[in-house]
Amino acid sequence: MLQIKNLQASVNGEPILKGIDLEVKAGEIHAIMGPNGSGKSTLASVLAGNELYEVTGGEVWFEGKNLLEMPPEIRAREGLFMAFQYPVEIPGVSNINFLKTALAEIREHRGLPPLSAKEFMQRLKEKQELVEFNASLVNRSLNEGFSGGEKKRNEILQLAMLEPKLAILDETDSGLDIDALRIVANGVNKLRSKSNAFIIITHYQRLLQYIIPDYVHVLYDGRIIKSGTKELAYELEEKGYDWIKESLQASL
Ligand code: ADP
Ligand code: MG
Ligand code: MG
């Protein structure tokens, strides 16, 4: 589904990503962990197509297509979903209208007719129940005045409605309380399937007690310096990131 080869990126001429290799297959959940400032959010931004970040080398293939050549909105229509640490608030655009427009664009891109108003409402109702989303929130402006937990619920409702192939959730440093973590985890666990994949970016191991990843990668100074299975997350929790840095230095 996703193939990242030797990806390098800079901000203001400063190299941040220094050669990332990662392969994600359908049905998999990958966790990306790492100390603050290692480049986790930068990786998500580059995959989303944020033009603040200049790609200086490498390749990214998404379902066999060159992701780096696609404008951000086409990436989304191709089935890439990005949930950021700080979701945007869009005053004046109701949640429901945002979902309607986004879904219509994705369907059009795939050659599907738009859902009728009735079909849309039915799907919304179904998904709201699935992710336990409070009905009154859909008519509010997008994320405006939402609490942290409500924003997370909203993110999960968007996921449920838009059914992306690959969802990248950047939860780093967001100070999520335990309820918000559970919302995200329950949502991901309900929505995961053989045909989609998730990349969960997190500084903390706690989220991975609720979402069991197939693979864990440690990003440090713009490179993935270690990959493993879920046990690696437990090891990091126990020994901290210094252990990784030390074992890296020892191997040089
Ligand atoms: P992480 O998400 O792992 O904490 P980031 O990707 O946010 O790390 O940041 C990696 C490095 O890139 C940091 O040194 C950070 O200061 C720098 N960086 C990220 N985004 C920007 C930006 N927009 N402008 C300047 N520096 C940035
Ligand atoms: Mg950070
Ligand atoms: Mg970050």
Side-chain angles (χ1 to χ4, degrees), residues 2 4-22 24 29-60 67-68 71-72 75 80-89 143 148-149 151-152 154-156 158-159 166-177 180-181 183-185 188 198-208 210-211 213 215-228 232-233 235-237 239-249:
L2 183 75
I4 304 179
K5 295 181 192 168
N6 194 26
L7 181 64
Q8 296 155 58
S10 299
V11 182
N12 304 326
E14 181 78 23
I16 309 290
L17 301 183
K18 301 174 181 173
I20 305 265
D21 291 286
L22 182 68
V24 178
I29 297 186
H30 290 245
I32 297 184
M33 305 183 71
N36 235 324
S38 55
K40 303 182 298 296
S41 296
T42 299
L43 175 61
S45 296
V46 167
L47 294 176
N50 183 334
E51 53 194 35
L52 219 63
Y53 300 86
E54 190 199 351
V55 176
T56 52
E59 299 168 21
V60 183
L67 188 79
L68 298 178
R75 298 181 193 204
L80 187 67
F81 178 95
M82 207 60 69
F84 281 103
Q85 251 168 272
Y86 308 105
V88 283
E89 299 188 6
N143 282 323
K151 282 181 182 169
K152 288 293 136 185
N154 204 26
E155 194 173 284
I156 297 299
Q158 288 175 8
L159 264 171
L166 175 64
I168 302 178
L169 310 182
D170 187 355
E171 307 298 339
T172 315
D173 307 329
S174 51
L176 290 185
D177 60 26
L181 284 181
I183 291 163
V184 172
V188 169
F198 290 84
I199 297 177
I200 314 280
I201 298 175
T202 181
H203 183 76
Y204 302 106
Q205 189 264 351
R206 5 174 237 179
L207 181 61
L208 305 179
Y210 304 103
I211 303 173
Y215 299 97
V216 174
H217 310 279
V218 180
L219 190 63
Y220 177 66
D221 193 20
R223 293 184 183 90
I224 290 176
I225 57 164
K226 199 170 174 70
S227 294
L232 178 57
E235 213 167 350
L236 281 170
E237 178 77 352
K239 301 182 186 171
Y241 287 113
D242 288 341
W243 156 70
I244 289 274
K245 292 182 207 169
E246 280 156 21
S247 62
L248 183 72
Q249 271 150 8

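Owing to the predicted nature of the structure, the values given are computational and were not obtained by experimental measurement. Read the numbers this way: they start at 1 and go in the same order the structure lists the ligands and their atoms.
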| Donor-acceptor under 3.5 Å (Ser38 side chain, Leu219 main chain) | yes
| query | Is the Mg ion (ligand 3) under 2.8 Å from any N, O or S atom of Thr42? | reply | no
| Considering only heavy atoms of Ile16, which atoms of ligand 1 have at least one such atom less than 4.0 Å away? | 10 (C), 11 (C), 12 (O), 17 (C)
| message | At less than 4.0 angstrom from any non-hydrogen atom of Ser38, what atoms of ligand 1 do you find? | response | 1 (P), 3 (O), 8 (O)
| query | Which ligand 1 atoms are under 4.0 Å away from a heavy-atom of Thr42? | reply | 5 (P), 6 (O), 9 (O), 10 (C), 19 (C)
| Donor-acceptor contact below 3.5 Å, side chain Asn12 vs main chain Glu14 | no
| task | Below 4.0 angstrom from a heavy atom of Asn36, which ligand 1 atoms are there? Numbered from 1 as shown, please. | result | 4 (O)
| task | Indicate the atoms forming the closest heavy-atom contact of Ala185 with Leu207, along with that distance. | result | CB-CD1, 4.5 Å
| Main-chain N/O of Pro35 paired to Lys40 side chain as donor or acceptor, under 3.5 Å | yes
| request: Using a strict cut-off of 4.0 Å, indicate which atoms of ligand 1 neighbour a heavy atom of Leu52. | output: 23 (N)
| message | For a 4.5 angstrom cut-off between non-hydrogen side-chain atoms, does Phe198 reach Val24? | response | no
| Criterion side chain to side chain contact (heavy atoms under 4.5 Å, CB included) on Leu68 and Leu7, from CA distance to verdict | CA-CA 10 Å; Leu68 298 178; Leu7 181 64; 4.3 Å; yes
| remark: Ranking Ala9, Ser45, Gly37, Gly34 by closest non-hydrogen atom to atom 1 (P) of ligand 1, top hit is Gly37
